[in-house]
2 protein chains.
Amino acid sequence: MKKITIKDIARELNISTSTVSRALRDSYEIGAETKKRVLELAQQLDYTPDPVALSLLNSHSNDIGVIVPDIANPFFATVIAGIEDVAFAQGYHVVIYQSHDSYEREVLNVKHIFNRRKDGLLVSVAANTHDYSHFKDLHDAGFPLVFFDRICEEIDTHKVSVDDFEGAYNAAEHLIQQGCRSIAHISGPQNLLISRRRLHGYRAALMDYKIPINEDLILASDFDAEHSLLLTRRLLQGNIKIDGICASANSIAIGCHAAIVEAGLSMPQDIALIGFSDLPLAGLFNPPLSTVSQPAFEMGRSAAKLLINLIKKPEDNKMLISNVLKTSLIVRKSSLRNG
Amino acid sequence: MKKITIKDIARELNISTSTVSRALRDSYEIGAETKKRVLELAQQLDYTPDPVALSLLNSHSNDIGVIVPDIANPFFATVIAGIEDVAFAQGYHVVIYQSHDSYEREVLNVKHIFNRRKDGLLVSVAANTHDYSHFKDLHDAGFPLVFFDRICEEIDTHKVSVDDFEGAYNAAEHLIQQGCRSIAHISGPQNLLISRRRLHGYRAALMDYKIPINEDLILASDFDAEHSLLLTRRLLQGNIKIDGICASANSIAIGCHAAIVEAGLSMPQDIALIGFSDLPLAGLFNPPLSTVSQPAFEMGRSAAKLLINLIKKPEDNKMLISNVLKTSLIVRKSSLRNG
DNA sequence: GTGAAAGCGCTAACAT
DNA sequence: ATGTTAGCGCTTTCAC
């Protein structure tokens with residue numbers, strides 16, 4: 001595992017490094033004989049060009065960066081699998097960054113990505129990010145950038161998301177159809193577009209079914225089961241009787257689930273619950289958790305395709321694409337009153 | 001977000017690049033006045049040294065690589081969080097690689113890490129890896145290397161693991177104490193040391209309690225809930241009645257859990273189940289799943305500390321450390337017959 | 001058809 | 001105290 005360079009090959013063959021370089025790149029101006037000798041020796045020595053040297057030279061790395069809030073979230077882990085699926089096939093390596101929902105970490109990550117000459121960036125923004133100038137700067141510098149899931153509207157680039165409005169609408173409608181009339185919505189951080197869109201979907205469904213909206217039943221939680229547990233606990237102890245909860249994320253749904261069980265209420269008879277963004281293990285819960293499922297793998301694939309196209313043919317991307325994927329309702333026992 | 005180089009600073013100040021370089025590194029041989037002007041301008045221009053150029057020069061990158069089978073596995077996601085915790089504090093960036101339990105991917109990952117001049121590697125080996133020469137080559141080349149969880153015995157370097165034998169022993173003992181007498185062990189791939197050690201722990205517990213070991217109750221599953229589901233289903237349909245299952249991993253336990261529920265058997269009355277490696281959501285299962293919990297975060301921290309020490313002071317590492325962490329039994333309803 | 005030289009951004013001998 | 005030069009590994013003019 002010693003580092004072999006073109007110098008080693010040149011010395012061995014008594015030719016110059018430029019000849020070696022050209023032979024390796026199969027240049028037309030190199031004699032067939034020389035070419036053959038170089039290629040054979042390179043093969044034999046297991047030569048691979050030094051990516052760092054190439055990077056310094058060309059300002060690219062064949063790496064694409066991905067920033068997600070947290071890889072432990074199964075949704076993001078699956079999106080990343082989708083990204084890797086297409087990136088790997090195209091010869092790119094995916095470098096994963098976690099923001100842990102911190103603005104400061106996100107800014108550091110962006111700098112790292114820029115400085116290390118990553119070829120492009122896929123990002124789902126941190127919950128604590130209110131200022132998008134780090135992304136704006138990148139984008140203005142011509143750096144290929146694609147948002148997914150937690151997208152940033154203010155920056156004109158490709159985006160991949162799901163129809164959050166429709167997903168949340170369907171979830172609320174489903175609870176209504178199960179007979180719920182006092183439905184709470186535990187939302188995510190309101191600065192995130194996905195949270196606001198999901199909330200709008202909930203409101204729209206209630207309005208369409210002529211159910212009065214009670215603002216006291218609309219809460220904003222962090223994407224954190226502990227916080228959601230606290231909020232739900234307080235909600236259940238309050239004096240408004242509720243019979244259904246729409247949770248705006250899986251982490252939030254987990255907190256709700258725990259709070260309902262803890263309160264000794266039965267699901268779905270006393271309170272029906274539905275989450276957003278499927279969990280691979282939700283089916284094993286007690287009771288199994290209904291959710292609005294998102295095509296996470298496909299989202300990753302789509303975002304990666306858009307980014308790679310942006311990297312390879314920037315000129316083909318005058319028209320910005322906003323790919324909105326469909327969600328699907330997965331009804332399990334936590335919300336199914338008559339199954 | 002334009003790239004600022006020392007050249008820009010040098011030109012602006014009418015001095016040479018080496019002076020700038022020295023001033024930036026606070027060299028004693030630079031005049032206080034010059035130093036001040038350089039520092040100020042650098043600050044103002046938001047100069048940061050180009051890491052790629054530095055990398056080419058020094059053969060290091062301030063990145064450490066981590067190879068795990070799969071980031072979607074909560075255990076590995078938590079280990080990575082622990083690694084990042086110490087690496088970040090020491091100024092290292094953690095680059096995550098997934099082997100997806102494929103030997104070929106692992107080899108590619110190792111090459112990438114070596115070629116990109118990562119400063120060191122933390123690895124938990126792929127289930128399909130039988131040949132360790134890619135690690136051996138790295139290690140022989142003096143590349144800092146630390147194994148965690150799925151360690152490789154044959155290579156003489158630092159290792160961090162848990163006491164798999166004891167954990168599995170305690171799990172089996174617990175089932176015995178709950179009255180189980182016909183206990184199956186669904187193991188992981190047998191080429192992995194952790195699988196074999198856990199199996200040994202199981203055997204030892206049964207022997208200590210004078211329970212005859214039935215080899216037909218010992219199965220090897222992939223780390224995959226689907227596979228485990230299939231095996232458990234077949235086991236339950238067989239003609240040997242069992243009343244307890246020790247699963248050798250959380251993915252395996254999930255398959256067992258599903259199979260038992262599917263068969264309409266009650267947990268823990270008909271069959272008591274205990275897994276290995278805690279899942280954050282195991283407490284919400286129906287019934288909640290008992291497990292042998294591993295200190296994943298601490299494992300990551302320990303491995304990262306060992307690696308960084310190896311990177312910074314190779315000479316201090318004549319004595320190899322094998323850090324074996326303790327597991328703890330988390331008893332939940334899936335195995336608690338009289339609570 | 002092949003070699004010499006410059007340069008990507010930076011640092012460290014080697015001058016002065 | 002500061003400038004000049006070489007070199008990390010590679011590609012690409014520019015020569016011949």
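Protein chains get the first letters and strands the later ones, always in sequence-line order, with residue 1 at the start of each. Predicted model, so just to flag it, every value in this text is computed and none were measured.
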Q: Would you kindly compare A/Arg22 and B/Lys35 by the position of their nearest DNA chain D nucleotide and give the one closer to the 5′ end?
A: B/Lys35
Q: Identify, between B/Ala53 and B/Val20, the residue whose nearest nucleotide on DNA chain D lies closer to the 5' end.
A: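 Nearest nucleotide further toward 5': that of B/Val20.
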Separation of atom [atom1] in [X] from atom [atom2] in [N], rounded to whole Å:
X        : N      : atom1 : atom2 : value
A/Ile30  : D/dT12 : CD1   : C1'   : 13 Å
A/Asp26  : C/dG1  : CG    : P     : 14 Å
B/Leu13  : D/dA1  : CG    : P     : 17 Å
B/Arg116 : D/dC8  : CZ    : P     : 21 Å
B/Leu56  : D/dC10 : CG    : P     : 9 Å
A/Ile15  : C/dA4  : CD1   : C1'   : 15 Å
B/Arg117 : D/dC8  : CZ    : P     : 11 Å
A/Tyr28  : C/dG1  : OH    : C1'   : 11 Å

Q: May I ask you to check whether B/Phe147 and B/His158 place their ring centres under 6.0 Å from each other?
A: no
Q. Would a line drawn from the ring center of B/His134 to the ring center of B/Tyr103 be shorter than 6.0 Å?
A. yes
Q | Side-chain ion pair, A/Arg117 and A/Asp63, N-O less than 4.0 Å | A | no
Q | salt_bridge(A/Asp101, A/Arg150) N-O dist < 4.0 Å | A | yes
Q) Do A/Thr34 side-chain and C/dT2 base share a donor-acceptor contact under 3.5 Å? A)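 Looking at the base of C/dT2, it does not pair with any donor or acceptor on the side chain of A/Thr34 (distance under 3.5 Å).
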N/O (side chain, [X]) to phosphate O (OP1/OP2, [N]) under 4.0 Å:
X       : N      : value
A/Thr19 : C/dG3  : yes
A/Arg25 : D/dT11 : yes
B/Tyr47 : C/dC10 : yes
B/Lys7  : C/dC8  : yes
A/Ser21 : D/dT11 : yes

Q.
Quick check for you: among C/dG3, D/dT4, C/dT11, whose closest atom lies nearest to any side-chain atom of B/Leu57?
A.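 Of the candidates, C/dT11 comes closest.
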Q.
Checking contacts here: which listed nucleotide (D/dG3, D/dG9, C/dA4) is nearest the side-chain heavy atoms of B/Ser16?
A. D/dG3
Q. Taking all non-hydrogen atoms of both residues, which atom of A/Val125 and which atom of A/Phe135 are closest, and how far apart?
A.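 So the two residues come closest at CG1-CE1, 3.7 Å.
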Q: Pick base, sugar-phosphate or nothing for B/Thr5, based on heavy-atom distances below 4.0 Å to the nucleic acid.
A: sugar-phosphate
Q) On DNA chain C, nearest-nucleotide positions of B/Leu54 versus B/Glu29: which is more 5'? A)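 Whichever sits nearer the 5' end wins; that is B/Leu54.
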